[in-house]
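Remarks on the structure that follows.
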Amino acid sequence: MRERAEQRFYSKLKDTFVGEEIKGESGYVNLMNLRQQYFDKIEPFIKESVEEKIENDAAKEELYDKLYTFFDAYLNETGTVFFADTQLHKNLYERVYSDRDDVSLFWKTQKLYYVKSEALYDDLETEIDGITFRFDASAIKHSKGNEKKQLEFYLAGIEDSKLTFKPKYQEQNSYDHFRKHFDEDDSSADVKNFIYDNYPDIVHPNVKVVTNDLDHTIYSKTDFKQIISVYDINDAVQTAGVEFAPYKVEHILKYIKEKEIPISEDQLRKAFRIYKKQNEVDYFIHKDAKGFLTEQFNIYLYNYLFDDKDTEFTEKRVKQIQTIKEIAAEVIDYIACFEDELKSIWNKPKFVRNSNYVFTLDRISDNAELIEKIVEHPGFEKQIEEYKNLHEEWTDEEGNTTKKVWKEFEWASDFSPEDILITEEGSKKLNPDFKHLPVDTKYFADLKWDILDDFDHLEDQTDGFLIKSDNYQALNTLLTKFQEGIDLIYIDPPFNTGDDFLYKDKFQDSTWLTLMENRMALSYELLNTKGSHYLHLDENANYLGRILSDRIFGSKNFQREIIWDIQVLSGYKVKVAETNWILGHQSILFHTKSDSYKFNKQVQPHTLKYLRSFNKTDEDGRDYQVAHGRRIYKDEVKDKGKPFGDVWPQLKDIIDVERPFPDVWEELTAAVNFDRPQEDVWGDIMSFQQQPTSSERILFDTQKPEELLSRIIKSGTDTGDWVLDYFAGSGTTAATALKINRKFITCEMGEHFDSTLLPRIKRTLLGHETSVSREESYHGGGFIKYYQLEQYEDALSRSAYQEQDNYDISKYAFGADQKQLEAIELDYENEKAHINFEKLYPDVDIAETLSNLTGKKIRKLNAERVEFEDGQEIVFDEMTFGEYPWIKPLIWWNSRRTKQN
C-alpha cells in the first residue's frame, strides 16, 4: 500500500507540475522542457527527505496519501498553483477563510497573473470514409499573448490514402529579412516572382527553405504566389523562411484531385473541425505561490485533524504531523521556486522592438533639404505604394470587404513627388498642399536617424505612442516612465460574450476578472491623483466591472454610471424582440483616483420647446422669461448650454436650434417626447448600428464613435494632457486624441494593429474629416511613434537555463543560470563587459528601452547615441555593464534569494 501511495503521489505531481505536453515551436515549449528538467532534479531530493525523516511504512503511506490529496487539488493542467479541483473550483464567488482577512469576496483566480488562453493542440490521427488524416502539431507557434489568431492547415504530404497536415496559426507574410539578404527592394509581388523563378533552389546561408514532397509544378504561377509563405525568423542573423504548403481549401482540393484521391470538400472540412475540438486552457502565474500553498495546506491539515474526533494528540502523533508539514513545506518550496522564476520573467521590463515614427511633413517644414532627401530616397516609392494601397478597398480570402475605399488617398494614383517642394524667391519650401502628408520612417532605414536628429525635445514633440503588445506587458514596462503621468484612462475591453470579434472575447468570469484586475491595478499606478477612469462595458460584464473598479479605485471614488443609448435597429427586425426587451444601451463606469479630480463640464443645446418659452422681450430687444421672480435671458442660456447628465439620450439632444427650417425639423421630430427629463441616456451619439455607411466606420465590429470619446476625454483633460487606452481596438481613442490636441498611449496585441489601427492613424494624420475634426478645426498633422514590445513568450524562448551538475537542489533558486546574459560580451583584454542588446533582438530600439527603464524622456536621438532631458548621454557602442549596471533587470533577474536550510 505504501508503494502504491508513493507512486500515485509522484506520478500526479509530475503530471500536474510539468503540465500537459505542448507541441510546436515557442517559448512555452521551452518552458515545459524546463519544468521537466527541474522536476527530474527535485524528485530524488523529496524521496531522500522522506526516507531520512520517516521510517515507518504506515507513516509514509499517510504522508503520500495526504500530499497526493492536497497537490492534486491545487495544481491545474498547465502546472499553475491554483484552486484546480477544490470545491472553490466549482464556484466563482465564495466566502473563504484567510489568515489575513476573516471573510472576503473571492474569485478563484484573483491571486494569479493571467497570461493567455490557448488550445493545447497535439498530434492527432483520424479516419473519415477510409481516408486517414494525420495532423502534426510540431510547427505550431503559440500565441505570445491573448491575440486572436486563425488556425490554418498546411498540406505537408500525401502517401496512398493518408494526408499529413501541419496546423499553424495564420500569419501575414513578412519580407524584410528576405529583401535584406537578396537586395530585393521591390514589392511583395516581385519577391514572390523571384521565389517562383528559383524555388526550391534558393541558396543563401540565412534563408531557410522548408521542403516537402509536394509537387509545386501542378499549380499556376498565380496559385503558387498565393500558396508560398515568406516570413521573418527572429534570430540574431535575421533568417528568412520560405515554405511551399497549400492551406486554402481550394488549393488543397486541387492537389488532391491531381493525385486522384477521392476526398470531398465536406470530408476535408470535417477533419479540420475534428482537430479544432481540442481543449482550450488558461495560462496563469501565481503571485505568491509559497504563501498561498502554505496557507492552504495549513487549513487542509487543520481540517483533517479536527474533523477526526478520534485523533489523540500524543507526543508521537504531534511529531508525525509536524513531519508531514515539514516535507509538504519542502515540496511547496520547490514548486514555488519555479513559479517565482516565471513571475520574474512575466514582470521583468521588456525590450522595445521594431520601432518607427510617422510624421507629417509640416513637422519638418523648415528643413527643405531634409524633405528633398526623403522625396529622392528609394524608399519613397514604397511610401507612395502605401498611399495607393490605403486608397483601395481591401478584401479577405473569402472576398469579404475588410476596408472600404478611403477617398482621402485618392490623389495617390497620379501623384508626382516633384510637387511636394515648390520654389519661392529662389528658395525651396514645402508645398502647403502636402503639409499633412504622413511619412513612415520604416521605408527610410538609412535616413531615419537624420529625420529624428532634426527634432529637439523629441519626446515632447511626439503626440502619441501606438504599442503592439500584450497590454499587461505594456503597462508594466511603462510604469517607471509614466507613473502618475496619465490624466485619463478609457478602456473598452472584451465584454466576455464569446462573439466572433477580431480579438478574443470569450472568458470564464473568474478568468475575465483576473485579466482585468491585473491590468487595471497597474493602470491605477499610472493615473495621476486628479485623473479619471472610464470603463466601457455591456450587460455581460458591467456588474463585474463595477465590483472590480470599486475594489481598485475605492467605492468612494465611484462618480457615475453613464448610460449610452446605442440605438439598435427597430425591434421588429430583431429576433430577440419576440421573447425579451431589445438591448439598447451600454454602460460606462466613471471612477476617479481621488476626490480632487479634474472635471470639465460638457454642455449641449437646449430644446426648441424650452427656447421658445422665452416669450418676453425687454427694452433692449433681448428675449427673456421670468422664473423664481427674476429674469432669465435667452442669449445667456444659449451661450452656457445645458450640462450633460449621466444618461445620454435620444434624438432631442441633437436638435440644431440654428437650422434654417425649424418647422421642417419640428415635423421630423414630432414623435419625440420633449417633456422627457434631459438626464436619461447619452443617445445623441449614434452607434455604427445606426450609421453603418458613415465614413468614420472602418468595418471593425466593436468600433466606438469619435464623438463618444471626444466627450469623455474633454471632460477630464486639457490640451496636451495624456490619455491611455490599453484595449485600443480600432484606434478611436488615438484618432480622437489627435483631433482634440491630447497626447495618447494605446496598446493592442492582435493583427489588426497593423491592418486596422495603424492605417487609421495615418488616415487621421492626413486629415480624415469627421464630425469631431470639423468641430475642432483639425485638418491633419501630427507625429507619432509605434513599436512592438518583447513578450513573455519571447523572453521564455531567449532565456538560457542550463542543467547544473554540481549544485544543491535544496538551495537552488535559478541564480546560476544565464537567462539573457547573451547580451553581455566579455572583453577580457580590457576587462570590460560590453552590452550588445542586438544579440538578443536585432530590431531592438535601445533608446526607447532605456527610456522606459529609467523613466527619462528622450531629448535627442540618432543612430549612435541618445540624450535624455536630464542631460545624460549614452553612446550605444560604448555601453558597458560596469558603467550601466541598472540595465540588469532587462537581461538577468533574481526571482528569489538563495534558499537557506
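This chain uses plain numbering: 1 for the first residue, then up along the sequence. Side chains are part of it too, since the values below use all heavy atoms of this structure and drop only hydrogens, waters and symmetry mates.
Taking the ring axis of Y443 as reference, the NZ or CZ atom of K382 does not stay both within 45° of it and closer than 6.0 Å to the ring centre.
With N356 contributing its side chain and K442 its backbone, the two residues share a donor-acceptor pair below 3.5 Å. One N or O on the side chain of N476 and one on the backbone of N347 form a donor-acceptor pair closer than 3.5 Å. For Q238 (side chain) and D232 (main-chain N/O), no donor-acceptor pair under 3.5 Å exists by modelled atom type. Judged by distance alone, with hydrogens and angles left aside, the side-chain atoms of Y38 form a donor-acceptor pair with the main-chain N or O of Y334 at under 3.5 Å. With hydrogens and angles ignored, the 3.5 Å screen pairs no side-chain donor or acceptor of W886 with any backbone N or O of L853.
For Q791 and D470, the side-chain atoms include no donor-acceptor pair closer than 3.5 Å. For Y801 and Q37, the side-chain atoms include no donor-acceptor pair closer than 3.5 Å. No donor-acceptor contact under 3.5 angstrom links the side chains of D725 and T746, judged on distance only. No side-chain donor-acceptor contact under 3.5 Å links D794 and Y841.
Residues E341 and D817 form no side-chain contact, since every pair of their non-hydrogen atoms from C-beta on lies 4.5 Å or further apart. For the pair T239 and V207, the minimum side-chain heavy-atom distance is 4.5 Å or more. Contact of the E152 side chain with the K168 side chain is not registered, since no non-hydrogen atoms from C-beta on lie closer than 4.5 Å. Inter-residue side-chain proximity for I784 and L466 is flagged as met; some heavy-atom pair is nearer than 4.5 Å. Two residues are said to be in side-chain contact when any heavy atoms from C-beta on lie closer than 4.5 Å; M516 and Y114 fail this criterion. Within the 4.5 Å cutoff, the side chain of E793 has no heavy atoms near those of the V115 side chain. Considering only heavy atoms from C-beta on, R760 stays 4.5 Å or farther from H752 through its side chain.
Here Y472 and Y792 keep their ring centres 6.0 angstrom or further from each other.
Ion pair K348/E790 flagged as a salt bridge, since at least one NZ, NE, NH1 or NH2 atom sits closer than 4.0 Å to an Asp/Glu carboxylate oxygen. Contact check on R363 versus D463 returns a salt bridge, with a Lys/Arg side-chain nitrogen under 4.0 Å from an Asp/Glu carboxylate oxygen. With respect to E517 and K287, a salt bridge is recorded, a charged nitrogen being found less than 4.0 Å from a carboxylate O. Residues D288 and K111 are not paired through a salt bridge, judged by the lack of any N-O separation under 4.0 Å between the basic side chain and the carboxylate. Under a 4.0 Å N-O distance rule, the pair E386/K762 qualifies as a salt bridge.
Between Y357 and F783, the ring planes are parallel. Angles under 30° get that label, and only those over 60° would be called perpendicular. Ring planes of Y786 and F753: tilted class, angle from 30 to 60°.
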Exercise for the section: I would like to know whether R865 and E873 meet salt bridge (charged side-chain N to carboxylate O under 4.0 Å, His left out); could you show each step before the answer? Expected result: CA-CA 7 Å; R865 68 192 70 219; E873 183 177 273; 2.9 Å; yes
Exercise for the section: Please test L478 against I467 for side chain to side chain contact (heavy atoms under 4.5 Å, CB included), starting from the C-alpha separation and ending with a verdict. Expected result: CA-CA 11 Å; L478 294 172; I467 305 174; 3.8 Å; yes
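Here the closest heavy-atom approach between residue Y154 and residue S229 is recorded as CE2-OG, 4.1 Å. For the pair L757 and G731, the tightest heavy-atom approach, listed with the atom from each and the gap, is CG-CA, 4.0 Å. Residues N471 and C747 come closest through the heavy atom pair CA-SG, 3.5 Å. Nearest approach of I824 to A833, heavy atoms of both residues: CG2-CB, 3.6 Å. Shown here for S355 and D845, the closest heavy-atom pair between the two residues is OG-OD2, 2.6 Å. The minimum heavy-atom distance linking S469 with Q473 is given by the pair OG-CB, 3.7 Å.
Heavy-atom contacts from other residues, nucleotides or ligands closer than 6.0 Å to CG of D877 number 12 or fewer. Counting non-hydrogen atoms of other residues, nucleotides and ligands closer than 6.0 Å to NZ of K166 gives a total of 12 or fewer. Within a 6.0 Å radius of CD in Q872, more than 12 heavy atoms belonging to other residues, nucleotides or ligands are found.
A ring-ring contact (aromatic ring centres under 6.0 Å, His included) with H286 is found for exactly one of F292, Y113, W346, namely F292. Each of T514, L535, L513 was evaluated against L548; a single residue qualifies, L513, per the side-chain contact (heavy atoms from CB on, under 4.5 Å) test.
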Per-pair distances, 0.1 Å, donor-acceptor, side chain in residues 479-489, under 3.5 Å, sequence neighbours excluded:
from	atom 1	to	atom 2	distance (Å)
K481	NZ	E459	OE1	3.0
K481	NZ	E459	OE2	2.8
K481	NZ	E848	OE2	3.0
K481	NZ	S851	OG	2.8
D487	OD1	N528	ND2	2.8
D487	OD2	W722	N	2.8

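In this structure, CG on D340 lies 10.5 Å from CD1 on I285, to the nearest 0.5 angstrom. In this structure, NZ in K819 is found 4.5 Å from CH2 in W892, a value given to the nearest 0.5 Å.
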